Amino acid sequence: MNDQALTISYRKALRQALRDVLHADERAFLMGEDVGRYGGAFAVSKGLLDEFGPERIMDTPLSESGFVGAGIGAAIAGMRPIVEIMTVNFSLLAMDQIVNNAATLRHMSGGQIGVPIVIRMGCGVGRQLAAQHSHSWEPLFAHIAGLTVLSVGTHEDARWVLPAAMQSEDPVVILEYTSLLNTEGTVENGVGGVDISTARIRRRGNDVSLITYGTGVMKCLAAADVLAHEGVEAEVLDLRVLRPLDQQSILSTVMHTHRAVVVEDAWRTLGVGAEVSARIMEHAFRDLAAPVVRLGGVEVPMPYPRHLEDAAVPQVDGIVDAVRRVLQ
Amino acid sequence: MNDQALTISYRKALRQALRDVLHADERAFLMGEDVGRYGGAFAVSKGLLDEFGPERIMDTPLSESGFVGAGIGAAIAGMRPIVEIMTVNFSLLAMDQIVNNAATLRHMSGGQIGVPIVIRMGCGVGRQLAAQHSHSWEPLFAHIAGLTVLSVGTHEDARWVLPAAMQSEDPVVILEYTSLLNTEGTVENGVGGVDISTARIRRRGNDVSLITYGTGVMKCLAAADVLAHEGVEAEVLDLRVLRPLDQQSILSTVMHTHRAVVVEDAWRTLGVGAEVSARIMEHAFRDLAAPVVRLGGVEVPMPYPRHLEDAAVPQVDGIVDAVRRVLQ
Amino acid sequence: MVDRLIMDGETARHLLWQMRRIRSFEAASAEQYSAGSIRGFLHLYSGEEAIAAGVMHGLQESDFVISTYREHGHALARSIAPSAIMAEMFGTVEGCSKGRGGSMHLFDVQRNFYGGNAIVASHLPLAVGMALAVRKRGEHHVVCCFFGDGAAAEGEFAESLNLAALWNVPVLFVCENNLYAMGTALKYSHAATDLVTKGTAQGVESMNVDGMDLLAVIDAMRHANAVVRTAGKPMLLVCNTYRFRAHSMFDAELYRTKEEVEQWRQRDPIEAFAAWAMNCGLLTESNIDEINARVDAEIDQAVAFAKGGHLESVTTLERYTYAEGHHE
Amino acid sequence: MVDRLIMDGETARHLLWQMRRIRSFEAASAEQYSAGSIRGFLHLYSGEEAIAAGVMHGLQESDFVISTYREHGHALARSIAPSAIMAEMFGTVEGCSKGRGGSMHLFDVQRNFYGGNAIVASHLPLAVGMALAVRKRGEHHVVCCFFGDGAAAEGEFAESLNLAALWNVPVLFVCENNLYAMGTALKYSHAATDLVTKGTAQGVESMNVDGMDLLAVIDAMRHANAVVRTAGKPMLLVCNTYRFRAHSMFDAELYRTKEEVEQWRQRDPIEAFAAWAMNCGLLTESNIDEINARVDAEIDQAVAFAKGGHLESVTTLERYTYAEGHHE
Ligand SMILES: Cc1ncc(C[n+]2csc(CCOP(=O)(O)OP(=O)(O)O)c2C)c(N)n1
Ligand SMILES: Cc1ncc(C[n+]2csc(CCOP(=O)(O)OP(=O)(O)O)c2C)c(N)n1
Ligand SMILES: [Mg+2]
Ligand SMILES: [Mg+2]
């Protein structure tokens, strides 16, 4: 590990990113439920209230539609708000604001208004939070024209996508995975910076492409390790940007390996995997040695018990098996 | 036209269906904004207040989350509410209720509670209502486990899906297309009844499958007529039920024609067409003579001017061209 | 009641002109709608002119204004050219929103006019956020937000007033209580029809204003300026008024009697103000003739301008979805 | 204040037992959480026992109850067996929700206990709808809905109270104002901290109740029964109380002082009631010993029962998504 890289938890990486952008731009402020006095529902913003004060770190009441809309209004009026929706599970309460205002105002004003807001949400499965608190709604946001949707599957992105998102003149939705908060990872330091327009290959391989995002990245890398012992070299593509999709990177890896398995926790029907599969169908049909396989969430509200929760979303074993099948 | 069939407008068909179910089940009642005194925003429920009275036809305030949630509560408590959300464009305000309560309560109660509610919404493009009033959110609803989602693309379904939906023990979302309200069509009378589980072939053909729903049905039938003059026989499959999808019917028509074009007004990315294409990839890959083509909405909020609105969604000419391409 | 002494003849003539041109503009809009030149939804402001004229009279150019789909009067009083508004409704690039928005989405950032929102009450949170930006920058602008009695039943109303009071931001909430939300009378939208108490319950100073009396509105604005601009606090003005015409062009007006409409027309705000001004000697018959002539000419010119407008090319359909130069 | 004469010894002992078992059950829950047998989110009710005990005392078996994620106390007071609740939190099929829901989703339709909702305020509309069903059937049940002070900031609170008043339905809204919404103090959630005025502003009779005084709660319920059950109108009780423990198991309690917590503990509702009852001679030392012994045995038995429970087979993972026999 060179001195340019450091090991850091996903939570600390997110916090450092917040500190960076709050220092870099005085128009930036963080607002959301319990981001201040409580220290953040998941301790991501812990300490920031003391460091930046209540004007920059604003606790809001339970009014998702109200404060997300207020963030949009502040953005219209020249600020650079970072609005935290505690978890994606509450985002439907603000969905009208996100879709009909944030994603639409630039268009219906004929380009006169921009909405440079960043909306962050904790999300994901794996903590036994049951049906109302375990949603994977990446597909809902990825369907909305006017939004840029980012899925933070690595520590590097936890550290660097926020500063990049703050440069956008349009609304950016950032999905952070609470099950990764305590995990440690290595990120380039100082140099920093990532784009928010391209997918990234997290592991190179020639035999099959594992296309995924979010917590699927770690699962696919683990599956790739298992497969390596069987002599199968899987390439792992982290989509990162769920809208607009980096189609070129998807097609490149498929044309390279001729086989693809798409992995996500979201319900399989109308999942991101459906779009990835359809685009491969349209642009790389003749390059496929086998049909694209999708692994997604089982179409059931998330059950509370650990064993049922595990069975409801793709796991490493299942990914390995799927790869074996497409290789036959 | 035999005496069992009659010609009726899409609006009258919807109204007759409402009258039927209100007469058939005293637990049934209609509630929504302006369904009563105003006569329905689109005159669908015109006259019903006089016929059934204010207890069965309830005007609600502008409180989408409140009255949709109240409909869910009434369903839990033994009623058979029909809740009208004036148009789909306002449904995001009630989306938390629809997803976290209607679609989820049965599961999180371990099967103790059912939510037999029918939620109807006017929707669709084509009336120059601009960005906030022209949404096609079929893909958002079709992604939600626990819902049954119906798209009413024909007069027959306008007349008969509601009575069928009222038999469901689970929440049913019915999407009605306002641009079809004044159109006349022929429906079987008396005999009546359709299922709400299968797709329907609206025209038989051997050369290519046009897979669609909603207003796409009429467009695809028109395109099929044009193609017929060129000696191309297109089969038109109306999905009707967007969740759960009738996969068997999709695979049957594709295995019969070996070519498919999927048509919808919704934004193309993560549209229903993506799911259809992905399922064909998974189950009929070897039967395809050409890759599945998707025609969907251009990824822009809907512009107000007629010519731009027309250019933003698939039209008959575009469907015909797409078919010519897949036949090459 | 305003003392005649504090209003000079020029101001009186200006205000009368302002109200008259709004009335005439709406008449012209209805004509152009019937002629098919204006499409989509069209909501006329006739009868409520005293509110737009009086409130704008109390605002400064640097203040922000945000409104609903019934915003022609607000836009005109905010000095957006009638020609630019008519052109917008004709869907031409000369329109104030480049033709993308139509009647419900009039925008003019030069004049701090932020639209034109067609999702009832969804712009209230935006207003709070704009005011938050104003406060954070230590400015003393007023953010003026117009909405209706029906909007006050949406949860966004309660959330927005609470946030505005909690954050102490300069929003002037102007509720145009015209007694109906489409066909739903105030008493069917609100169990407690006194909207002022709903404002005070959220900690926002609130008052009733006779919206048919221009002088009463001007008077209320004096106080509002003290509260909002000077003290920087939010305030709610409930302006009681009446809509002389149908809700939109799709309204049979089944929900109210001709007599009721007639009674309110007796209180025509324009006639009332003209009579008062003549009484006070601030206005002569010939002044009125001049004003009418000026208004007729201006409106004719606006229609002519719109007719001479140009449609955007379909090649730029996807514009205004993201900032120019966006990665997509 | 309740006259001692109207409470007999048996009732006093029953009520003390009720509160004590809730307190002990929560202690056991915390233990089992630390032991890893309970997972996910766990919100304890300790300190608020007088509300659950007093409100349930005033309800009848045929009444409906709906609550939040902090519902253990309500479930116990509604006579759901501690063993069934503990088993639910262990995720076993013996749980009151078959193990699918966990701590936040306790259901028991036999006892008209409709859960256990984890989206703040989203169950208020459900309560209104359940009461609407009750009214439509001409029944005289009370629908009792528990929620917190933070929930009152959500738009659903305003919408639900307005709908309940507008429709005149028998909902008893019980706001458990424990002064915090996670780490957000009442004064940071509400600009106007008097929640009673928010109820009256919506047309709902509302009153403050000392939630630490069981007798005051019982007294309030007498009045509530007259208003809700007899007159069939909605009512709001704002029960002022305090949460003795952290919000959930992920709470460092940075937002309040130990002293504040200590002061409230001095007002322990259980101790206060026991002291009063002994004073009135309704209770003896030996009664208390018996009660404690009974409670300890019941809770130990509940934990033992949960430990002996069974996990559902993964083969039935998709159950409870749709009614059995549903087309899927
Ligand atoms: C959230 C939402 N629900 C429903 C509608 C349909 N709608 C448009 S205007 C209107 C009535 C609004 O009444 P009010 O707020 O009093 O304003 P007014 O039209 O009287 O000026 C309704 C129901 C909408 N546009 N948005
Ligand atoms: C809509 C929504 N937003 C946020 C949350 C996260 N959350 C869970 S409990 C809670 C605080 C609720 O406070 P209150 O209503 O006072 O109830 P209490 O926990 O104090 O009993 C929050 C913010 C949620 N569950 N739902
Ligand atoms: Mg109105
Ligand atoms: Mg609380």
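Every value quoted in this text rests on a predicted model; they were computed, and no experiment measured them. The figures that follow rest on heavy atoms only: side chains count, while hydrogens, waters and symmetry mates do not. So that the names make sense, note that chain A is the first sequence line, chain B the second, and so on, each numbered from 1.
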Go through the atoms of [X] and report whether side chain, backbone, both or neither lie under 4.5 Å from a heavy atom of chain B.
X: D/Leu166; value: side chain
X: D/Arg135; value: side chain
X: D/Asp108; value: both
X: D/Ser160; value: neither

Parallel, tilted or perpendicular: which describes the rings of D/Phe41 and D/Phe250, with under 30° parallel and over 60° perpendicular? perpendicular
Ring geometry between D/His247 and D/His43 (parallel below 30°, tilted from 30 to 60°, perpendicular above 60°): perpendicular
Residue, of [options], that accumulates the most heavy atom pairs under 4.5 Å with chain B:
options: D/Leu124, D/Val109, D/Val143, D/Val128; value: D/Val109
options: D/Gly102, D/Ser97, D/Ala127, D/Ala133; value: D/Ser97
options: D/Arg100, D/Lys136, D/Met130; value: D/Lys136

Does the pair [X]/[Y] count as a salt bridge with the N-to-O cut at 4.0 Å?
X: B/Glu169; Y: B/Arg106; value: no
X: B/Arg200; Y: B/Glu156; value: yes
X: D/Asp63; Y: D/Arg229; value: yes
X: D/Glu61; Y: D/Arg111; value: no

Chain D contact via B/Glu64 - which portion, at a heavy-atom distance below 4.5 Å: backbone
Given heavy-atom pairs under 4.5 angstrom as the criterion, report whether the side chain, backbone, both or neither of B/Gln97 touches chain D.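 Side chain only.
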Is there a donor in the side chain of B/Asp170 and an acceptor in the side chain of B/Ser168, or the other way round, less than 3.5 Å apart? no
Answer with yes or no whether the side chains of D/Glu312 and D/Thr316 bring together a donor and an acceptor at under 3.5 Å. yes
With respect to chain D, which residue among [options] yields the maximal number of heavy-atom pairs within a distance under 4.5 Å?
options: B/Asn100, B/Asn101, B/Asp195; value: B/Asn101
options: B/Ala103, B/Gly111, B/Gly78; value: B/Gly111
options: B/Met58, B/Met79, B/Gln112; value: B/Gln112
options: B/Ile113, B/Thr198, B/Ile72; value: B/Ile113

Taking only residues at least two apart or on different chains, which pairs with a member in residues 56-112 of chain B satisfy ring-ring contact (aromatic ring centres under 6.0 Å, His included)?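 Qualifying pairs: B/Phe90-B/His133.
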Looking at B/Glu51, I'd like to know if its CD atom is crowded, meaning that more than 12 non-hydrogen atoms belonging to other residues, nucleotides or ligands lie closer than 6.0 Å. yes
Counting only heavy atoms from other residues, nucleotides and ligands, does the tally under 6.0 Å from NE2 of D/His140 exceed 12? no
Identify the residues of residues 26-33 of chain B whose heavy atoms come closer than 4.5 Å to a heavy atom of chain D, ordered by number, or report 'none'. B/Phe29, B/Met31
So B/Leu245 and B/Glu275, side-chain contact (heavy atoms from CB on, under 4.5 Å) or not? Walk me through it. CA-CA 9 Å; B/Leu245 273 176; B/Glu275 183 63 28; 3.6 Å; yes
